[in-house]
Amino acid sequence: MKSEPDVFSIEDLRRKDVAGWDGVRNYQARNNLRAMRKADLAFFYHSSVKPPAIAGMMEIVREAYPDTTTKEPGWLQVDVRFRKVFLKPLTLDEIKQIPALNKMVLLHNSRLSVQPISAGEWATLTGILEK
DNA sequence: GCCAACGTTGGC
DNA sequence: GCCAACGTTGGC
């Protein structure tokens with residue numbers, strides 16, 4: 001799940017502990033939000049900064065419900081809870097260099113703000129980030 | 001700041 | 001239903 005840290009960062013989430021992941025206005029991203037289940041884990045990716053990187057981890061604590069920031073029907077948000085901030089974020093550049101991650105959506109549809117991660121990719125990423 | 005990639009809109 | 005025009009995202 002991507003956010004520009006100037007707008008909302010992993011540190012902001014740490015301060016709030018629980019936050020609504022709102023403002024998504026893309027159907028594919030919305031569908032990915034809808035597929036999330038309570039207790040699912042997600043990475044927090046900092047975009048549009050140098051360097052772009054996976055900065056932390058969070059947990060889905062409330063499944064998709066109508067986005068509180070719009071009156072337009074159909075848009076959804078989830079609630080997330082802070083889990084951890086990575087002292088050494090995994091940069092986009094590093095991700096690109098790991099063969100096991102070369103199919104990541106991040107590398108092929110970088111604009112999608114809520115992306116799926118395969119079980120294998122998750123295992124690879126946590127193996128690097130949590131060592 | 002630039003620009004490629006992508007999504008959306010709207011005329012036909 | 002096609003596609004040109006436009007707006008946005010995000011890496012560089």
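Just so you know, these numbers use all the heavy atoms, side chains as well, and skip hydrogens, waters and symmetry mates. Just so we're on the same page: letters track the sequence lines, and every chain starts at 1.
DNA chain C lies under 4.0 Å from no heavy atom of any residue of residues 25-36 of chain A.
Each salt bridge (charged side-chain N to carboxylate O under 4.0 Å, His left out) pair with one or both residues in residues 68-82 of chain A, not counting sequence neighbours, appears once here: A/D17-A/R81.
Among residues two or more places apart in sequence or in another chain, the side chain to side chain contact (heavy atoms under 4.5 Å, CB included) test is passed with A/E121 by A/L101, A/K103, A/M104, A/I117, A/S118. Partners of A/Y65 by ring pair (Phe, Tyr, Trp, His ring centres under 6.0 Å), not counting sequence neighbours: none found.
Judged purely by atom type and a 3.5 angstrom limit, A/S110 has no side-chain atom pairing as donor or acceptor with the backbone of A/L107. In this structure a side-chain-to-backbone donor-acceptor pair under 3.5 Å is present from A/E94 to A/T91. No side-chain donor-acceptor contact under 3.5 Å links A/N31 to the backbone of A/Q28.
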- [ ] Encode nucleotides 6-12 of chain C as B, S and - characters from 5' to 3', where the letter depends on protein heavy atoms closer than 4.0 Å: B to the base, S only to sugar-phosphate, - to neither.
- [x] -BBBBSS

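Between A/F44 and A/W21, the two ring planes are perpendicular [angle over 60°; tilted spans 30° to 60°].
With respect to the salt-bridge test (charged N to carboxylate O, under 4.0 angstrom), the residues A/R15 and A/D12 qualify. Under a 4.0 Å N-O distance rule, the pair A/K16/A/E11 does not qualify as a salt bridge.
Here the shortest heavy-atom pairing between A/D67 and A/V24 reads OD2-N, 3.9 Å.
Recorded end-axis angle for the helix from B/dG1-C/dC12 to B/dC12-C/dG1 stands at 0°, based on five pairs per end and rounded to 10 degrees.
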